[in-house]
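All chains are named by letter (A, B, ...) in the order of the sequence lines, taking the proteins before the strands, and each is independently numbered beginning at 1. Note that the structure is predicted; figures quoted are calculated from it, not measured.
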Amino acid sequence: MDLFKQASRPPIDIELTPLINIVFLILIFFMLAGTITPKDALPVNAATSEIVEPAINAPADMVIALDSAGRFSVDSAVVSEEALQAALQKHRLSADATVALKADAALPASALVGMMGRLRQLGFADVTLLTLGAP
Amino acid sequence: MFDFRASAPRRPLSLTPLIDVVFILLLFFMLASNFDQWHAVGVSSSTVATVPSDKPASVIQLQDNGTATLDGALLSDSKIASALRGRVATDTAHRVRLIPAKATTVQQLMGQVDLIRGTGVEHLGIE
């Protein structure tokens, strides 16, 4: 009367191939669909727009990010007013130098206009505003 | 002379290290990649300076409360759009100056830029 004796069962052989297939597919999806970009130095919740002019693979040479408090960063580094001025003057020397502005949606428009005026004084008449696609 | 010994039985390849590496790669791409769709909106910091023209530019002033005036007249968005479409139809190089009020946000400004660009205006300056 060995009631607790369990019948010996053969070990379950888990087939891993379907798992690996799915993981490979997910990996390929993330590799192809996503883009790896450096993280912004400032938290910028960019404005949305419905304009369909994709900026993919055509980024401006220099990206200036403005957060909601009016602080700015250049190419993912927070800089001072003087450093920004110096960086722009250096950038202007290169041929076909362009500037893109990534402004926070909550930033007062006057701050953006002020930055554009500063860029105009330095010779950047045309600038690109980077926005996110409307959800 | 001849080696008739039975060859050693082939050991099955262990997939565990491969799965480990693939999982690590998957984690990296899941955490590092982003799916933001960036759009580029080309604007000028001064339309008047960059595109000289005999014809006067339209002036749109964006008010603090989100309303806008076209050449001083308070109009709805649809009326502004239709007026701009008419002007672009007669002058393809028609210029528009967009002047936001101090308290407006960038999001409100971009909404107006969307409206203006939707009418076919190519020379848009924000001042």
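Annotation: the span from B/I99 atom CD1 to B/T69 atom OG1 amounts to 8.5 Å, rounded to 0.5 Å. To the nearest 0.5 Å, atom CG of residue B/L124 and atom CG of residue B/L84 are 10.0 Å apart. Taken from CZ in B/F23 to CD1 in A/I20, the straight-line distance is 9.0 Å, to the nearest 0.5 Å. Between the CZ atom in A/F30 and the CG atom in B/L26 there is a gap of 6.5 Å [rounded to 0.5 Å]. Taking CD from A/Q85 and CZ from A/R118, the interatomic distance works out to 7.0 Å, rounded to the nearest 0.5 Å. If you take CH2 on B/W38 and CG on A/L132, they are separated by 4.0 Å, rounding to the nearest 0.5 Å.
Within residues 102-116 of chain B, the residues that have a heavy atom under 4.5 Å from a heavy atom of chain A are B/K102, B/T104, B/T105, B/V106, B/Q107, B/L109, B/M110, B/V113, B/D114, listed by number. At a heavy-atom cut-off of under 4.5 Å, chain B is reached by A/K102, A/A103, A/D104, A/A105, A/A106, A/L107, A/P108, A/A109 from residues 102-109 of chain A, listed in order of number. Residues of residues 73-83 of chain B placed with any heavy atom under 4.5 Å of a heavy atom in chain A are absent; none qualify.
In this structure, the portion of A/F124 lying under 4.5 Å from any heavy atom of chain B is its backbone and not its side chain. Of the two parts of A/I36, the backbone and the side chain both hold a non-hydrogen atom closer than 4.5 Å to a non-hydrogen atom of chain B.
In terms of non-hydrogen atom pairs under 4.5 Å with chain A, the most contact-rich of B/V43, B/V22, B/L27 is B/V43. Each of A/S49, A/A33, A/S110 has some count of heavy-atom pairs under 4.5 Å with chain B, and the biggest count is that of A/S49. Highest contact tally toward chain B, considering only A/L66, A/T131, A/I26, A/V113, is held by A/T131 [criterion: heavy-atom pairs under 4.5 Å].
Note on A/L88 and A/V78: separate hydrophobic clusters, where clusters join Ile, Leu, Val, Met, Phe, Trp and Tyr whose side-chain heavy atoms are under 4.5 Å apart, directly or indirectly. Hydrophobic clustering, with ILVMFWY side chains joined whenever heavy atoms are under 4.5 angstrom apart, groups B/M30 together with B/F28.
No side-chain heavy atom of B/L70 sits under 4.5 Å from any side-chain heavy atom of B/V59.
Scanning both residues, A/L42 and A/A65, for their nearest heavy atoms gives CD1-O, 4.3 Å.
Of the charged side-chain nitrogens involved, none lies within less than 4.0 Å of a carboxylate oxygen, so that A/R71 and A/E81 do not count as a salt-bridged pair.
Between B/F35 and A/F29, the ring-plane angle classifies as parallel under the 30° and 60° cut-offs.
Between the side chains of B/S58 and B/R97, no donor N or O sits under 3.5 Å from an acceptor N or O.
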- Task: Decide side chain to side chain contact (heavy atoms under 4.5 Å, CB included) for A/V63 and A/V74; before the verdict, give the C-alpha distance in whole Å, the side-chain angles of both, and the deciding distance to 0.1 Å.
- Result: CA-CA 6 Å; A/V63 178; A/V74 177; over 6 Å; no
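For A/S68, there are no side-chain hydrogen bond (donor to acceptor under 3.5 Å, both in side chains) partners, not counting sequence neighbours.
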